[in-house]
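Everything numeric here is computed off the predicted structure, so don't read it as measured data. Along the sequence shown, residues are numbered consecutively beginning with 1.
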Amino acid sequence: MKGMVVYDSVHGNTERVARAIAGALGPPEEIALYRVTDVPVEQLEELDILVVGAPTHAFRPSPKARAFLKRIPSNSLKGVKVAAFDTRVSEDDLGSGIFSFFVQFFGYAAKPIAKRLDKKGGDVVGSPQGFFVKGTEGPLNEGEIQRAEEWATRLLAGRQGSRQP
């Protein structure tokens, strides 16, 4: 299998999740790991699986992640299984009713990432997944790395559903 995990990370949390996902998908010689700014987009169409993740900024993927998604040529992901994840702060951790309202209305970064990958021709597998951090800078909540590994394993198994937190 030839795969790639692509991520943006500001405080290191999304990078930790991306590394865990890549490790669960396979060995480094099969699964490449790239920051969104370093991806050789011409190699994307050669993949069996592509997983993209970013921190949630203002209810959307980070600006660098959005720029990467725009760089993917149209229909270049035909035949490629794709999945998306984000890192996010829990509504409960912020304790704000206004924040909860905006989350319900705008959501988090993983769904827009998955939607963009689908529009580029990818075959979306698994549900877009979110992994929680404490506060805006982290660290990751306890158990999130293990949850990321389990999610990646389910992607390999071809199971469409995944446990949303």
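- For Ala22, the side-chain contact (heavy atoms from CB on, under 4.5 Å) partners two or more places apart in sequence, or in a different chain, are Val5, Ile31, Leu33.
- Annotation: side chain to side chain donor-acceptor pair (under 3.5 Å) contacts involving residues 22-39, sequence neighbours excluded, comprise Glu15-Arg35.
- Scanning for salt bridge (charged side-chain N to carboxylate O under 4.0 Å, His left out) contacts around Lys2 gives Glu46, with sequence neighbours left out.
- In terms of heavy-atom proximity, Glu149 sits nearest to Ala20 at CG-O, 3.8 Å.
- A salt bridge does not link Glu150 with Arg147: none of the charged nitrogens is closer than 4.0 Å to a carboxylate oxygen.
- Here the options are Thr14, Asn141, Thr56, the test is side-chain hydrogen bond (donor to acceptor under 3.5 Å, both in side chains), and the partner is Thr87; only Thr14 passes.
- Every residue two or more places apart in sequence or in another chain was checked for a salt bridge (charged side-chain N to carboxylate O under 4.0 Å, His left out) with Arg71, and none qualifies.
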(Q) Checking Val51 against Met4 for the side chain to side chain contact (heavy atoms under 4.5 Å, CB included) test, could you report, in this order, the C-alpha distance in whole Å, the side-chain angles of both residues, the deciding distance, and whether it holds? (A) CA-CA 6 Å; Val51 180; Met4 187 181 294; over 6 Å; no
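- Remark: Asn13 engages no residue in a side-chain hydrogen bond (donor to acceptor under 3.5 Å, both in side chains) (not counting sequence neighbours).
- With sequence neighbours excluded, no residue forms a side-chain hydrogen bond (donor to acceptor under 3.5 Å, both in side chains) with Glu137.
- Across Arg88 and Gln129, no two heavy atoms sit closer than the pair NH2-C, 4.3 Å.
- Residues Leu69 and Val10 fall into different hydrophobic clusters, defined by Ile, Leu, Val, Met, Phe, Trp and Tyr side chains chained together at heavy-atom separations under 4.5 Å.
- Gly135 approaches Val89 most closely through the heavy-atom pair O-CG2, 3.1 Å.
- Annotation: side chain to side chain donor-acceptor pair (under 3.5 Å) contacts involving residues 72-81, sequence neighbours excluded, are absent.
- When each of Ile113, Asp8, Val41 is paired with Phe68, the side chain to side chain contact (heavy atoms under 4.5 Å, CB included) condition holds for Val41 and for no other.
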